[in-house]
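Structure first, commentary second.
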Amino acid sequence: MSLRRIIQTLSLMIFLVALFFSTCTFVVEANPDLFLRLDPLLVFGTALSGKVFSLAFLPAVIVLILVPLMGRVFCGYICPMGTTIDFSDRYLRGNKKGKTYFPGLKKLKYYLLLFIMGSGVLGVSFVFTASPISLITRFYGLVIYPVLTFLVEMGLVIIKPVAERLNIYSLVFAEMPATRFSTQIFILLFFVVVFAAIKISPRFWCRYCCPSGALMAVFSRKPFIRRSVSDRCTDCGKCIRSCPMNAIGDDPGITEYKECIVCRTCEDVCPVNAVSFEGSLKGEKTDKDISPSRRGFLFAGFAGMGTAAMSLTGLNSLYGRPGVGQVAVPGLVRP
């Protein structure tokens with residue numbers, strides 16, 4: 001197993017343990033929201049919409065400071081969403097080949113980022129809709145965890161007669177009530193789409209949709225530690241075909257650093273050891289910049305502001321819905 005896989009596995013395990021601790025009443029000192037604080041999009045989107053900055057945001061600030069130095073290592077090594085998609089990619093995609101690159105879609109994550117920031121200007125936070133850490137937390141917390149508790153409860157029912165015969169009363173009276181959440185179906189369907197998209201392209205979410213990745217991409221246009229190709233390159237194209245983010249252009253010597261997650265896959269597959277990742281300040285060839293047009297920039301930002309403005313009117317407020325226990329907002333005007 002490569003060093004990257006080891007780091008990814010350990011990071012995912014820490015994330016899952018922290019998530020489990022959040023459900024335990026006997027854990028007092030645990031900080032289950034550590035990974036949430038590491039997500040730059042979630043932290044800065046919250047800071048922008050809340051017009052406040054807290055020391056709790058410091059982990060994300062550190063992540064963003066490291067991006068110009070080391071590139072998007074958070075995406076390639078730490079992010080539990082990326083790790084989950086990587087592992088799923090291994091089993092769902094297999095060795096499928098063919099066209100997996102859609103240049104026009106690369107702008108989508110930047111539009112999502114602008115939409116979220118635009119809504120944040122008016123004090124409405126939509127980061128929970130697209131933050132990778134928020135989404136993967138809900139996947140494991142609202143979908144996987146309830147399934148596991150259900151299976152454990154079924155197991156306790158099966159072994160209960162045996163426990164009674166052996167006088168193991170701790171198992172006889174043990175309970176693991178299955179939890180249910182109102183957004184389970186939505187999160188399940190969302191991740192069915194995310195995993196299905198792997199059939200279209202490796203790391204489809206990370207390539208085209210992740211606004212947190214877009215935020216880090218803005219700061220990683222040419223990081224200090226970056227991919228370089230020596231004269232030994234034979235133009236075999238193995239690095240181009242193996243890159244999970246399609247960050248290598250038609251020329252193996254050209255790298256789109258904003259998309260590179262420093263996974264070093266290109267270095268591993270190079271038959272002549274022409275690829276390396278090292279510190280460099282000299283100018284190197286990079287692929288053409290992919291960024292939203294001025295019109296798209298304005299449209300995405302104002303779309304976020306417009307959506308935020310509509311939400312502030314209270315038209316979709318739960319308090320305005322009829323029913324037992326619902327209180328109508330005094331200033332609500334119905335058409």
Side-chain angles (χ1 to χ4, degrees), residues 3-4 6-24 27-84 109-110 112-141 205-206 210-226 257-263 279 304 308:
L3 177 61
R4 174 172 172 259
I6 294 174
I7 296 175
Q8 280 187 306
T9 303
L10 288 175
S11 178
L12 182 60
M13 289 176 62
I14 293 172
F15 168 76
L16 294 176
V17 169
L19 186 61
F20 173 74
F21 280 167
S22 68
T23 67
C24 301
V27 179
V28 179
E29 298 297 330
N31 290 318
D33 62 342
L34 172 62
F35 277 82
L36 292 170
R37 297 182 186 186
L38 286 171
D39 187 352
L41 173 70
L42 197 151
V43 165
F44 284 95
T46 302
L48 180 62
S49 60
K51 307 298 186 293
V52 64
F53 188 85
S54 169
L55 289 178
F57 299 163
L58 188 59
V61 175
I62 295 175
V63 169
L64 213 54
I65 290 175
L66 290 176
V67 169
L69 299 176
M70 305 176 65
R72 292 173 54 183
V73 292
F74 180 82
C75 301
Y77 292 79
I78 308 298
C79 178
M81 179 85 160
T83 301
T84 301
K109 59 180 177 288
Y110 295 101
L112 289 174
L113 173 63
L114 292 168
F115 178 90
I116 292 172
M117 293 305 176
S119 64
V121 171
L122 293 187
V124 177
S125 176
F126 285 127
V127 291
F128 67 93
T129 61
S131 162
I133 308 298
S134 175
L135 290 170
I136 201 64
T137 298
R138 280 181 279 171
F139 173 68
Y140 283 110
W205 166 265
C206 306
C210 182
S212 186
L215 178 60
M216 285 183 274
V218 172
F219 292 88
S220 63
R221 303 174 72 89
K222 191 166 285 191
F224 174 69
I225 298 177
R226 57 181 183 259
Y257 299 115
K258 292 197 303 179
E259 300 299 321
C260 178
I261 58 174
V262 203
C263 65

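Just so you know, these numbers use all the heavy atoms, side chains as well, and skip hydrogens, waters and symmetry mates. Given the structure is predicted, the values throughout are model-derived calculations rather than measurements.
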What heavy-atom pair brings [X] and [Y] nearest, and what distance separates the two atoms?
| X | Y | value |
| --- | --- | --- |
| L215 | L41 | CD2-N, 3.8 Å |
| P40 | L64 | CB-CD1, 4.0 Å |
| R226 | P223 | NH1-O, 2.7 Å |
| M117 | L48 | O-CD2, 3.3 Å |
| W205 | A130 | CZ2-O, 3.5 Å |
| M216 | F74 | CE-CD2, 3.8 Å |

Roughly how far, to the nearest 0.5 Å, is [atom2] of [Y] from [atom1] of [X]?
| X | Y | atom1 | atom2 | answer |
| --- | --- | --- | --- | --- |
| Y140 | T84 | OH | OG1 | 3.0 Å |
| S212 | I116 | OG | CD1 | 9.0 Å |
| L58 | R37 | CG | CZ | 10.0 Å |
| L10 | M13 | CG | CE | 6.5 Å |
| C263 | Q8 | SG | CD | 9.0 Å |
| L34 | L19 | CG | CG | 12.5 Å |

With side chain to side chain contact (heavy atoms under 4.5 Å, CB included) as the criterion, how do V61 and F53 come out once you've worked through the C-alpha distance, each side chain's angles and the decisive distance to 0.1 Å?
CA-CA 11 Å; V61 175; F53 188 85; 3.8 Å; yes
Ring pair (Phe, Tyr, Trp, His ring centres under 6.0 Å) involving F128 - partner list, sequence neighbours excluded
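Expected list: none.
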Can you list everything that forms a ring pair (Phe, Tyr, Trp, His ring centres under 6.0 Å) with F139? Sequence neighbours excluded, please.
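Partners of F139 by the ring pair (Phe, Tyr, Trp, His ring centres under 6.0 Å) criterion, ordered by chain and then number, come out as F191, F195.
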Can you check whether [X] reaches [Y] side chain to side chain, under 4.5 Å on heavy atoms?
| X | Y | result |
| --- | --- | --- |
| P211 | F115 | no |
| M70 | V262 | no |
| V124 | S49 | no |
| V73 | L66 | no |
| F15 | I136 | yes |
| L38 | I133 | no |

Distance-only, no hydrogens or angles: does the [X] side chain make a donor-acceptor pair with backbone N or O of [Y] under 3.5 Å?
| X | Y | result |
| --- | --- | --- |
| S134 | S131 | no |
| R72 | K258 | yes |
| S220 | V67 | no |

Set of residues satisfying side-chain contact (heavy atoms from CB on, under 4.5 Å) with respect to I7, sequence neighbours excluded:
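For I7, the residues satisfying side-chain contact (heavy atoms from CB on, under 4.5 Å) (neighbours in sequence not counted) are L3, Y77, I78.
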